There are 2 protein chains.
Amino acid sequence: MVVDKLSKHLSNAEIDRIFQALADATRRDIVARVTAGEYSVSGLAALYTMSFAAVQKHVAVLERASLVTKEKRGREQIVRGNHEGLQKARHLLDQLETIWRQRADRIADILAEDDEKDLP
Amino acid sequence: MVVDKLSKHLSNAEIDRIFQALADATRRDIVARVTAGEYSVSGLAALYTMSFAAVQKHVAVLERASLVTKEKRGREQIVRGNHEGLQKARHLLDQLETIWRQRADRIADILAEDDEKDLP
DNA sequence: ATATCGTACAACCAAATGGTTGTAGATAAG
DNA sequence: CTTATCTACAACCATTTGGTTGTACGATAT
């Protein structure tokens, strides 16, 4: 199987986990919220109609993807955005964007060459 | 259930499809390849050890996520990167990045305020 | 001391995923 | 015409996913 590594620092498995973690609206909402402030797991669970255990699982998925961290404070578990993980994700997305833009640039170049042929 | 819409133009279902499509190394490889050139489905299938049908399914997932288009040419089906879809994905990722960066900036501001308090 | 709160975790379930093989229909090549 | 190629699609299978309920346990409040 030929699968290019998109990053020297992120394994394909890590990238899989990041994208899969973000492929759910509830989890994206959790990321947005804990990136803008602190929430306990039950504090998060109160925001959604699903069960506490379901939210707990969503947080676990985000944690495995390094997008979020948990820290025990008293009897609560505080969830925060993991800036290192988020930065990794951002870097990864930059790389993907670069590949796509290179393609766009190549097309632009080809079109530019055609234009030159039309010059006097 | 409270789930913020991250975009006026992309539904949560569309975003789900985009991230999930990218949550597989083979599919990311396909996106990279068809973004850099043209491939038939069988041309793609030749690159991987899995069956033709499996690759066909991966392409279908990418197509449903609007990251790729198929066009019939003779008996072949040509797969290309869908620039509109890719741009949507890029825009979406920019928005996520903005949210994360705003958080970082807010932290920087808070730290800056603390520094000011230490001034003479 | 006891009840309550926040969490962890197991067991279970339905549906989706990622893969397989097999069959069938167009299209191209001999 | 016959054969080989490319694609589509169905049926099946194992595993994962997203959800549930129930139980147990440490921390907190009354």
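Because the structure is a prediction, the values reported are computed rather than measured. Just so it is clear: chains get the letters A, B, ... in the order the sequence lines come, proteins before strands, and each one is counted from 1.
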Using nucleotides 15-18 of chain D, report all nitrogen or oxygen pairs with the protein that are shorter than 3.5 Å.
| from | atom 1 | to | atom 2 | distance (Å) |
| --- | --- | --- | --- | --- |
| D/dT17 | OP1 | A/Q20 | OE1 | 3.0 |
| D/dG18 | OP1 | A/R27 | NH2 | 3.3 |
| D/dG18 | OP2 | A/R27 | NH1 | 3.1 |

N or O in side chain of A/Q56 less than 4.0 angstrom from C/dT7 OP1/OP2: no
Which residues share a salt bridge (charged side-chain N to carboxylate O under 4.0 Å, His left out) with B/D16, sequence neighbours left out: A/R28
With sequence neighbours excluded, residues passing side chain to side chain contact (heavy atoms under 4.5 Å, CB included) with B/E76: B/S40, B/I78
What pairs of nitrogen or oxygen atoms, one from the protein and one from nucleotides 21-29 of chain D, lie under 3.5 Å apart?
| from | atom 1 | to | atom 2 | distance (Å) |
| --- | --- | --- | --- | --- |
| D/dT28 | O4' | A/R75 | NH1 | 3.3 |

Salt bridge (charged side-chain N to carboxylate O under 4.0 Å, His left out) partners of residues 43-63 of chain B, not counting sequence neighbours, each pair once: B/E63-B/K70
Atom-to-atom span, OH of B/Y48 to P of C/dT20 - whole angstrom: 14 Å
Separation of C/dG18 P from B/L22 CG (nearest whole Å): 12 Å
Donor-acceptor under 3.5 Å (A/N82 side chain, A/T69 main chain): no
Atom pair distance, as rounded to whole Å: CD in A/E71 and P in C/dG6: 18 Å
Side chain B/R27, main chain B/Q20, donor-acceptor under 3.5 Å: yes
Integer-rounded Å distance: C/dA14 P and A/M50 CE: 20 Å
Salt bridge (charged side-chain N to carboxylate O under 4.0 Å, His left out) contacts in which one or both residues fall within residues 42-52 of chain B, not counting sequence neighbours: none
Integer-rounded Å distance: C/dT17 P and B/F19 CZ: 16 Å
Atom-to-atom span, CD of B/E76 to P of D/dA8 - whole angstrom: 11 Å
Pairwise side-chain contact, B/V34 with B/R80, heavy-atom cut-off 4.5 Å (strictly under): no
A/L44 CG - C/dT7 C1' separation (whole Å): 13 Å
Under 4.0 angstrom between B/S42 side-chain N/O and D/dT7 OP1 or OP2: yes
Under 3.5 Å donor-acceptor, A/S11 side chain and A/E14 backbone: yes
Short side-chain N/O contact from B/Q77 to OP1 or OP2 of D/dC6, under 4.0 Å: no
Listed partners of A/A54 passing side chain to side chain contact (heavy atoms under 4.5 Å, CB included), at least two apart: A/M50, A/S51
